[in-house]
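Here's the structure we're looking at; comments come further down.
Bear in mind that the values here come from a model prediction, so they are computed numbers and not experimental data. Chain A is the first sequence line, chain B the second, and so forth, proteins listed ahead of strands; every chain is numbered from 1.
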Amino acid sequence: MLKIKMTDFKKQVFAVVKKIPKGKVLTYGQVAQKLGNKNLARAVGNALNKNHNKSVPCHRVVRGDGRVGGFNRGIKNKIVILKKEGVKIINGKIY
DNA sequence: CCCCTGACACTTA
DNA sequence: ATAAGTGCCAGGG
């Protein structure tokens, strides 16, 4: 029934993102680097965007510029969640 | 197999 | 600081 069509790459991304501790945020580049290639930043975002798994704290993944990036649930929601976690966000910027 | 899209990062102007 | 261009990779049609 559940046909988990998770490609290895996606699984890797989720594994790393799931490891992100509360109140902490990693950049797509950091996650990509953990996967073995910092250039995978794009692919990382792609995986999260196509897989809005609530089991994955995708809201803890931000851009390298300090911006939040995006969130399939609503970027606004992402910011609120992060702030609740303890992350300081000013003007939509990760502090 | 080819083409396009995308929640990025970096460099140059 | 902002804008535009380039490079990288994976997924979907």
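A:K34 has its NZ atom 19 Å from the C1' atom of C:dC9, to the nearest Å. One can place CZ of A:R67 at 16 Å from P of B:dA7, the figure rounded to the nearest angstrom. If you measure from atom NZ of A:K93 to atom C1' of C:dA1, you get 13 Å, rounded to the nearest angstrom. When the P atom of B:dA7 is taken as reference, atom CZ of A:F71 falls 14 Å away, rounded to whole Å. Summarising the geometry, the separation between CG on A:N46 and P on B:dC4 is reported as 16 Å, rounded to the nearest angstrom. As rounded to whole Å, 7 Å separates atom P of C:dG11 from atom NZ of A:K10. Straight-line distance from the CD1 atom of A:I79 to the P atom of B:dA7: 16 Å, rounded to whole Å. Rounded to whole angstrom, the span from the CD atom of A:Q12 across to the C1' atom of C:dG11 amounts to 15 Å.
Judged by distance alone, with hydrogens and angles left aside, the side-chain atoms of A:N51 form a donor-acceptor pair with the main-chain N or O of A:A47 at under 3.5 Å. Side chain of A:K88 to main chain of A:K83: no donor-acceptor pair is present (N/O by atom type, distance under 3.5 Å, no hydrogens or angles).
Among the protein residues, A:K78 comes within range of the nucleic acid bases, having at least one heavy atom under 4.0 Å from a base atom. Note on A:F9: only backbone sugar-phosphate atoms sit closer than 4.0 angstrom, heavy atoms only; bases stay farther off.
Remark: A:T7 is not in phosphate contact with C:dA10, judged by side-chain N or O atoms under 4.0 Å from OP1 or OP2.
When side chains are defined from C-beta on, A:R60 counts as touching A:E85, because their heavy atoms get closer than 4.5 Å. By the 4.5 Å heavy-atom criterion applied to side chains, A:F71 and A:L48 are not counted as neighbours. Side-chain contact check for A:H52 versus A:C58: every heavy-atom pair is 4.5 Å or farther apart.
Note on A:Y28 and A:L35: same hydrophobic cluster, where clusters join Ile, Leu, Val, Met, Phe, Trp and Tyr whose side-chain heavy atoms are under 4.5 Å apart, directly or indirectly. Put simply, A:F9 and A:V61 are part of the same group of oily side chains (I, L, V, M, F, W, Y) that touch within less than 4.5 Å, one to the next.
Near-neighbour residues of DNA chain B inside residues 47-63 of chain A, defined by a heavy atom below 4.0 Å, number-ordered: A:L48, A:N49, A:C58, A:R63.
Closest approach to the A:D65 side chain among B:dA9, C:dG11, B:dA7 is made by B:dA9 (side chain taken as heavy atoms from C-beta onward).
Counting heavy-atom neighbours within 6.0 Å of A:K38 NZ, excluding the residue itself, gives a total of 12 or less.
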Distances under 3.5 Å between nitrogen or oxygen atoms of protein and nucleotides 6-8 of chain C:
from	atom 1	to	atom 2	distance (Å)
C:dG7	O6	A:R42	NH1	2.9
C:dG7	O6	A:R42	NH2	2.6
C:dC8	O2	A:N39	O	3.4
C:dC8	N3	A:R42	NH1	2.7
C:dC8	N4	A:R42	NH1	2.3

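Salt-bridge formation is not detected for the pair A:D65/A:R67: no Lys NZ or Arg NE/NH1/NH2 atom is positioned less than 4.0 Å from an Asp or Glu carboxylate oxygen.
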